[in-house]
Trainee: 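Structure below; questions to follow.
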Amino acid sequence: MKPPPKAVRVLRSRVRRPISALRAFLVSEASGGLVLMAAASAALVIANSPLGEAYAHALHARLGPLSLLHWINDGLMAVFFLLVGLEIKREGLDGRLRTWPDRVLPGLAAAAGMAAPALVYLAFNLATGTARGWAIPAATDIAFALGVLALLGPRVPISLKIFLSAVAIVDDLGAVVIIALFYTGSLDATMLAGAAAVMLALFGLNRSGVRALWPYLVLGFVLWVLVLRSGIHPTVAGVLLALFIPIRPTPGRPEDAASPLHRLEHALAPWVAFLIVPVFGFANAGVQLIGLPAHALLDPVTLGVALGLFAGKQLGVLLSVRLAVALGIAHKPGGANWGQVYGVALLCGIGFTMSLFIGGLAFGDGLHETETKLGVLVGSLLSGIAGAVVMKLATGRTAHEKGAR
């Protein structure tokens with residue numbers, strides 16, 4: 001049998017490669033989620049063991065101008081936000097969110113999935129002094145959620161994984177805006193002017209067609225220092241830097257591997273998934289349950305965060321999807337039944353990384369931060385278990401129906 005013509009082979013490779021890249025992204029996020037689960041579990045065990053005091057002391061040890069915990073939350077997490085910014089830019093210009101029809105369903109689900117948990121939280125905390133934490137249950141942890149889907153095996157439709165990751169990416173964009181607008185302290189005009197000058201230089205590099213990454217990264221470090229000293233949370237610098245990294249969109253075709261954005265994203269992804277996010281989880285998930293007052297489980301912050309993630313998220317995501325499909329605004333993810341869509345809505349309530357991060361900005365140290373961590377752990381655990389059970393039942397039913405035909 002003669003081999004297919006060269007044009008056919010090229011066409012086949014172009015059809016396969018984007019799907020392979022997508023699957024590689026999903027596998028990386030899912031595997032990173034499993035590592036994050038292990039790191040968070042280890043933190044809980046250590047915090048409630050004889051090593052708990054040493055664990056807390058090490059996190060607050062000074063390393064130069066910042067404590068170890070601040071280096072993790074302000075430094076390493078700036079790299080995480082850089083990757084988030086790169087993913088948002090790529091998806092918006094060259095990926096699953098590049099057209100308005102692609103953006104409608106995940107956009108609506110993300111918006112409703114951020115508003116509903118915030119309202120649930122405020123229902124418990126509006127009359128108290130803890131309303132500042134309203135954004136804690138707003139975001140979805142894509143690594144954790146995809147990690148749960150990975151445990152369910154290959155029968156979960158790829159369309160649901162794409163939908164879940166798209167919702168989480170829009171969530172991340174919303175969380176970045178919230179951090180910049182609502183969790184910023186007093187501002188230093190001189191440092192802000194310096195940051196603006198650096199961004200102007202980054203814009204000049206982009207418009208001049210500079211494709212080498214090192215000038216962007218050097219200026220990005222300077223931008224991080226200036227933003228750190230300006231009063232805006234320094235992780236915002238990571239997202240700002242991502243806006244200026246060049247990309248050459250190739251919609252419907254294989255990604256441009258030589259594009260600076262793709263090169264940087266591929267270089268950062270394994271470090272973020274398997275080192276930075278697990279280190280953040282290990283440093284921030286260590287809730288000392290021993291000696292915690294019994295009323296902490298029923299305090300407004302704990303209840304607001306836990307129920308915001310578990311109840312608010314699923315209601316916001318599911319109802320928005322049902323309404324969008326019923327009105328003909330968007331289509332249900334292909335190959336998925338409503339039970340599976342509900343399972344994904346539940347998994348959106350896993351808000352670990354971003355929820356802990358915003359909780360630290362809202363309350364800092366003290367009992368409220370401990371209650372925040374407790375609420376995040378309880379809400380995320382309930383969402384993960386319920387989502388996995390619903391997905392397992394809905395996926396099994398679909399497989400049984402297909403086998404009976």
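Residue indices begin at 1 and follow the sequence shown.
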Trainee: Return yes if some donor-acceptor pair links the side-chain N/O of Thr395 with the main-chain N/O of Val156 below 3.5 Å, else return no.
Mentor: no
Trainee: Quick one: which residue pairs count as a side chain to side chain donor-acceptor pair (under 3.5 Å) with a foot in residues 375-387, not counting sequence neighbours?
Mentor: none
Trainee: Could you give me the CA-CA distance, side-chain angles and deciding distance for Val344 and Gln340, then say whether side chain to side chain contact (heavy atoms under 4.5 Å, CB included) is met?
Mentor: CA-CA 6 Å; Val344 166; Gln340 291 171 322; 5.9 Å; no
Trainee: Quick one: are Leu361 and Asn73 in side-chain contact, heavy atoms under 4.5 Å?
Mentor: no
Trainee: So which pairs with a foot in residues 106-128 pass side chain to side chain donor-acceptor pair (under 3.5 Å), sequence neighbours left out?
Mentor: Asn125-Thr130, Thr128-Thr130
Trainee: Stepwise, does the side chain to side chain contact (heavy atoms under 4.5 Å, CB included) test hold for Leu86 with Leu268?
Mentor: CA-CA 10 Å; Leu86 294 173; Leu268 290 179; 4.1 Å; yes
Trainee: Is it the case that over 12 heavy atoms from other parts of the model lie below 6.0 angstrom from the CZ atom of Arg229?
Mentor: no
Trainee: Pairing donors with acceptors under 3.5 angstrom, does anything connect the side chains of His262 and Glu265?
Mentor: no
Trainee: Which residue pairs pass the salt bridge (charged side-chain N to carboxylate O under 4.0 Å, His left out) test with at least one member in residues 48-76, sequence neighbours excluded?
Mentor: none
Trainee: Do the side chain of Ser67 and the main chain of His60 share a donor and acceptor less than 3.5 angstrom apart?
Mentor: no
Trainee: Just verifying a value: how many Å separate Arg263 CZ and Ile247 CD1, rounded to the nearest 0.5 Å?
Mentor: 12.0 Å
Trainee: Quick one: closest heavy-atom pair of Gly113 and Val317, and the distance?
Mentor: CA-CG2, 4.0 Å
Trainee: Closest approach of Pro106 and Ala166, non-hydrogen atoms and distance?
Mentor: CB-CB, 3.7 Å
Trainee: Quick one: closest heavy-atom pair of Pro246 and Val210, and the distance?
Mentor: CG-O, 3.6 Å
Trainee: Is there side-chain contact between Leu228 and Val225, with heavy atoms separated by less than 4.5 Å?
Mentor: no
Trainee: Report the residues that fulfil side chain to side chain contact (heavy atoms under 4.5 Å, CB included) with Val84, sequence neighbours left out, ordered by chain and then residue number.
Mentor: Phe80, Ile88, Asp172
Trainee: Could you report the tightest heavy-atom contact between Val120 and Gly308, atom names first, then the distance?
Mentor: CG1-N, 3.6 Å
Trainee: Any side-chain heavy atom of Pro333 sitting closer than 4.5 Å to one from Leu105?
Mentor: yes
Trainee: Using the six-membered ring wherever Trp is involved, compare the ring planes of Tyr55 and Phe282 and label them parallel, tilted or perpendicular (cut-offs 30° and 60°).
Mentor: perpendicular
Trainee: Between atom CG of Leu173 and atom CD of Glu87, what is the distance when rounded to the nearest 0.5 Å?
Mentor: 12.0 Å
Trainee: Donor-acceptor pair, Lys373 side chain versus Leu377 backbone, under 3.5 Å?
Mentor: no
Trainee: If a pair satisfies salt bridge (charged side-chain N to carboxylate O under 4.0 Å, His left out) and one of its residues is in residues 302-313, list it, with sequence neighbours excluded.
Mentor: Asp171-Lys313
Trainee: Can you find a pair of side-chain heavy atoms, one from Val79 and one from Leu83, that are under 4.5 Å apart?
Mentor: no
Trainee: How many angstroms lie between atom CG of Leu82 and atom OG1 of Thr235, to the nearest 0.5 angstrom?
Mentor: 11.5 Å
Trainee: Roughly how far, to the nearest 0.5 Å, is CD1 of Ile162 from CD of Glu91?
Mentor: 9.5 Å
Trainee: Is the Phe280 to Phe352 ring centre distance short of 6.0 Å?
Mentor: no
Trainee: Not counting sequence neighbours, list each pair that qualifies as a salt bridge (charged side-chain N to carboxylate O under 4.0 Å, His left out) and has a residue in residues 317-329.
Mentor: none
Trainee: Can you find a pair of side-chain heavy atoms, one from Met354 and one from Asp141, that are under 4.5 Å apart?
Mentor: no
Trainee: For a side chain to side chain contact (heavy atoms under 4.5 Å, CB included) check, start with the C-alpha distance between Met114 and Ile178, then their side-chain angles and the critical distance, and finish with the verdict.
Mentor: CA-CA 11 Å; Met114 297 183 78; Ile178 288 170; 3.7 Å; yes
Trainee: Given Phe244 and Leu219, is the side chain to side chain contact (heavy atoms under 4.5 Å, CB included) satisfied, shown in steps?
Mentor: CA-CA 11 Å; Phe244 299 103; Leu219 287 176; over 6 Å; no
Trainee: With the side chain counted from C-beta on, respond yes when Val167 and Cys348 share a heavy-atom pair under 4.5 Å apart, and no when they do not.
Mentor: yes
Trainee: With rounding to the nearest 0.5 angstrom, report the CE to OH distance, Met391 to Tyr342.
Mentor: 13.0 Å
Trainee: Under the side chain to side chain contact (heavy atoms under 4.5 Å, CB included) test, which residues partner Leu289, sequence neighbours left out?
Mentor: Asn48, Val287, Leu292, Leu374
Trainee: Out of Leu205, Leu202, Asn206, Leu261, which one pairs with Ile245 under the side chain to side chain contact (heavy atoms under 4.5 Å, CB included) rule?
Mentor: Leu261
Trainee: Mind jotting down which residue pairs meet the ring pair (Phe, Tyr, Trp, His ring centres under 6.0 Å) criterion with at least one end in residues 175-234? Sequence neighbours excluded, please.
Mentor: Trp134-Phe182, His233-Phe357
Trainee: Rounded to the nearest 0.5 Å, what's the gap from CG on Leu309 to CD on Gln314? Could you check?
Mentor: 11.0 Å
Trainee: Donor-acceptor pair, Arg103 side chain versus Leu108 backbone, under 3.5 Å?
Mentor: no
Trainee: Please list, chain by chain and in numerical order, all residues satisfying side chain to side chain contact (heavy atoms under 4.5 Å, CB included) with Leu76, sequence neighbours excluded.
Mentor: Ile72, Ile276, Val279
Trainee: Can you list every salt bridge (charged side-chain N to carboxylate O under 4.0 Å, His left out) pair that touches residues 173-188, not counting sequence neighbours?
Mentor: none
Trainee: Does His368 offer a backbone N or O that forms a donor-acceptor pair with the side chain of Thr372 under 3.5 Å?
Mentor: yes
Trainee: So which atom in Ala195 and which in Val227 form the shortest heavy-atom distance, rounded to 0.1 Å?
Mentor: CB-CG2, 4.3 Å
Trainee: Report yes if some heavy atom in the side chain of His331 is under 4.5 Å from a heavy atom in the side chain of Val325; otherwise report no.
Mentor: no
Trainee: The test is side-chain hydrogen bond (donor to acceptor under 3.5 Å, both in side chains); show your working for Thr370 and Gln288 and say whether it passes.
Mentor: CA-CA 8 Å; Thr370 300; Gln288 191 168 14; over 6 Å; no
Trainee: With sequence neighbours left out, write down each residue that passes side chain to side chain contact (heavy atoms under 4.5 Å, CB included) with Ser320, or none if nothing qualifies.
Mentor: Ala109, Ala112
Trainee: How close do Ala212 and Pro215 get, heavy atom to heavy atom, and via which atoms?
Mentor: O-CD, 3.3 Å
Trainee: Could you tell me if the side chain of Leu264 sits less than 4.5 Å from the side chain of Leu217, heavy atoms only?
Mentor: yes
Trainee: With sequence neighbours left out, what residues match Asp299 under side-chain hydrogen bond (donor to acceptor under 3.5 Å, both in side chains)?
Mentor: His295
Trainee: Do the side chain of Arg132 and the main chain of Ala362 share a donor and acceptor less than 3.5 angstrom apart?
Mentor: yes
